[in-house]
Number of protein chains: 2
Amino acid sequence: MTIDPVPLAFSEHDHETCSGGVLAQAGALAASRGLRLTPVRRRTLEILLESHRAMGAYEVLERLSADGFAKQPPVAYRALEFLVENGLAHRIRRLNAFAACMHPGERHSPVFLICKSCDHIAEAQGAHVATALEAAATPAGFSIERTNVEALGLCPACAAPA
Amino acid sequence: MTIDPVPLAFSEHDHETCSGGVLAQAGALAASRGLRLTPVRRRTLEILLESHRAMGAYEVLERLSADGFAKQPPVAYRALEFLVENGLAHRIRRLNAFAACMHPGERHSPVFLICKSCDHIAEAQGAHVATALEAAATPAGFSIERTNVEALGLCPACAAPA
DNA sequence: CTTGACATGTAATGCTATAACATATCAACA
DNA sequence: TGTTGATATGTTATAGCATTACATGTCAAG
Ligand SMILES: [Zn+2]
Ligand SMILES: [Zn+2]
Ligand SMILES: [Zn+2]
Ligand SMILES: [Zn+2]
């Protein structure tokens, strides 16, 4: 499976299929790597996958507690940390929030496109950005380990004339 | 004045001259734009300029209070907000912290190189990164307004063999 | 000297994240 | 099968980051 050239997040699409596919990918990835995708963790991923938005940890926590899990912050933070560590979710620093990874298991250098109007988030292909980043860091003698690339702006729907 | 191809942050350098120059540039910029670089604001910038590190708002606040300013969070946050809004400082989201802009007034798409070991921060030239970012956003129909590009890794000094 | 815009002082609160310790679950192994 | 160690979860408390709201002060234009 290859990465969509254009993320679906900003287009009308069958999100059931969209999220279902990602969830299946995530499950397969977890199995193949021997990760323990426990109930809280799986449920957390499902919650994140419900929309193409980023959710704060406390928002996730609220939802988890409605499903019978404990309502203490560490419950949400631990599940989210697990997902992020294992590439099943991303942290959107600009929003102090988290979003499901739409390409679990695939090598990708995500660029997050954050619509400031509707709050939706797309995960665009950032291979070239990553290359440019390396090129910018090298002359400084800096070796990159992880990057955060986030862009704030308007999605096509919100940019369209009212 | 043009932008240094290689940021000084990770090299030994005369930081007095380095920070003095930036402060002078900032002052000139403020004057030319009719910005009010009041005592708290100027002092805040000076504090940020003392090192190539990012400082949390409360750390800045601590310093400001030692200089006789009020010790309530808004004091620091307002000064920092002013500096960021006017391009005299940057917000480093990964660290929930702020750093002085090393190129005030110059068009630059900063890429922040954050050394995870010594905490120093360099502001590298991100023109190509910005281009790549635009290229990644365009197919999605997304129009970018602001970006955050941060890289975590090791500076040359910290990467060198112990 | 009044007025209005901007800046600062001050108190209170809200949101985000982690530390620390107790308990539970589960699989490997004797 | 019982023990053990690793991993995960429950629970309490606290730390760290950021904003709201309102009062007060400053200064220059009219
Ligand atoms: Zn979808
Ligand atoms: Zn939108
Ligand atoms: Zn310097
Ligand atoms: Zn370093």
Side-chain angles (χ1 to χ4, degrees), chain A residues 30-31 33-48 53-86 88-99 114 116 119 148 150 152, chain B residues 30-31 33-48 53-86 88-99 114 116 119 148 150 152:
Chain A
R33 287 198 196 156
L35 303 177
R36 296 173 60 178
L37 196 51
T38 60
V40 221
R41 293 169 175 176
R42 179 176 202 88
R43 187 73 194 106
T44 300
L45 182 55
E46 287 171 3
I47 289 169
L48 291 182
R53 285 175 46 245
M55 289 179 83
Y58 281 75
E59 200 180 345
V60 169
L61 181 56
E62 200 71 40
R63 296 291 313 278
L64 286 174
S65 81
D67 286 311
F69 297 99
K71 203 179 181 173
Q72 281 73 23
V75 171
Y77 279 100
R78 285 197 282 233
L80 290 165
E81 181 187 26
F82 171 87
L83 295 175
V84 169
E85 291 281 289
N86 294 103
L88 302 178
H90 296 290
R91 187 165 192 162
I92 312 296
R93 305 213 90 109
R94 175 148 210 137
L95 305 176
N96 292 322
F98 302 82
I114 308 168
K116 68 175 183 181
D119 245 38
N148 282 91
E150 303 174 2
L152 189 71
Chain B
R33 288 199 196 154
L35 302 178
R36 298 174 59 177
L37 197 52
T38 61
V40 221
R41 292 168 175 177
R42 180 174 200 88
R43 188 72 193 105
T44 300
L45 182 54
E46 288 170 3
I47 290 169
L48 291 183
R53 285 174 47 244
M55 289 180 84
Y58 279 75
E59 201 180 345
V60 169
L61 181 57
E62 200 70 39
R63 296 291 312 277
L64 286 174
S65 81
D67 286 309
F69 297 99
K71 205 181 180 173
Q72 280 74 20
V75 171
Y77 279 101
R78 285 196 284 233
L80 290 166
E81 181 186 26
F82 171 87
L83 296 175
V84 170
E85 291 281 289
N86 294 104
L88 302 178
H90 297 289
R91 187 167 193 159
I92 312 296
R93 305 213 89 110
R94 175 149 209 136
L95 304 176
N96 292 322
F98 301 82
I114 309 167
K116 67 174 183 180
D119 246 38
N148 283 93
E150 304 174 0
L152 188 72

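Note: B:Asn148 CG to A:Arg93 CZ = 11.0 Å, rounded to the nearest 0.5 Å. One distance of note links CG of A:Leu83 with CZ of A:Phe98; it measures 9.5 Å at 0.5 Å rounding.
One can place CG of B:Leu95 at 14 Å from C1' of D:dG16, the figure rounded to the nearest angstrom. Atom-to-atom, CG of B:Leu80 to P of D:dC17 comes out at 12 Å; the value is rounded to the nearest Å. One atom, CG of B:Leu37, and another, P of C:dC6, lie 17 Å apart when rounded to the nearest Å. Rounded to an integer number of Å, the gap from CD of B:Glu59 to C1' of D:dA15 is 15 Å. For the pair A:Leu64 CG and D:dT9 C1', the interatomic distance rounds to 13 Å; values are reported in whole Å. A straight line from CD of B:Glu62 to P of D:dC17 spans 12 Å, rounded to a whole angstrom. Following rounding to the nearest Å, B:Phe69 (CZ) and D:dT26 (P) show an atom-to-atom distance of 14 Å. Following rounding to the nearest Å, A:Leu61 (CG) and C:dT16 (C1') show an atom-to-atom distance of 12 Å.
The listed nucleotides are D:dT9, C:dA17, D:dT20; the one nearest the side chain of A:Tyr77 is C:dA17. Nearest to the side-chain atoms of B:Pro73 among the listed nucleotides C:dT8, C:dA12, D:dT9 stands C:dA12.
For B:Glu81 and B:Arg78, the salt-bridge test fails: no basic side-chain N is under 4.0 Å from an acidic carboxylate O.
Look at B:Arg41 and you'll find a side-chain N or O under 4.0 angstrom from OP1 or OP2 of C:dA7. For the OP1/OP2 pair of D:dA18 and a distance below 4.0 Å, the side-chain nitrogens and oxygens of B:Asn96 include at least one atom meeting the criterion.
The base of D:dA15 lies outside donor-acceptor range of the side chain of B:Tyr58, with no N or O pair under 3.5 Å.
Note on A:Arg93: nothing from the nucleic acid sits closer than 4.0 angstrom, heavy atoms only. If you check every strand for non-hydrogen atoms under 4.0 Å, B:Arg91 touches sugar and phosphate atoms only.
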Are B:Leu37 and B:Phe82 close enough, and set up right, to give a side-chain contact (heavy atoms from CB on, under 4.5 Å), and what steps lead you there? CA-CA 9 Å; B:Leu37 197 52; B:Phe82 171 87; 4.1 Å; yes

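Comparing A:Gln72 and A:Arg36 against DNA chain C, the residue whose closest nucleotide sits nearer the 5' end is A:Gln72. A residue-by-residue look at A:Ala70 and A:Phe82 shows that A:Phe82 has its nearest nucleotide of DNA chain D further toward the 5' end.
Closest approach of B:Ala97 and B:Ala54 over heavy atoms only: CB-CB, 3.6 Å.
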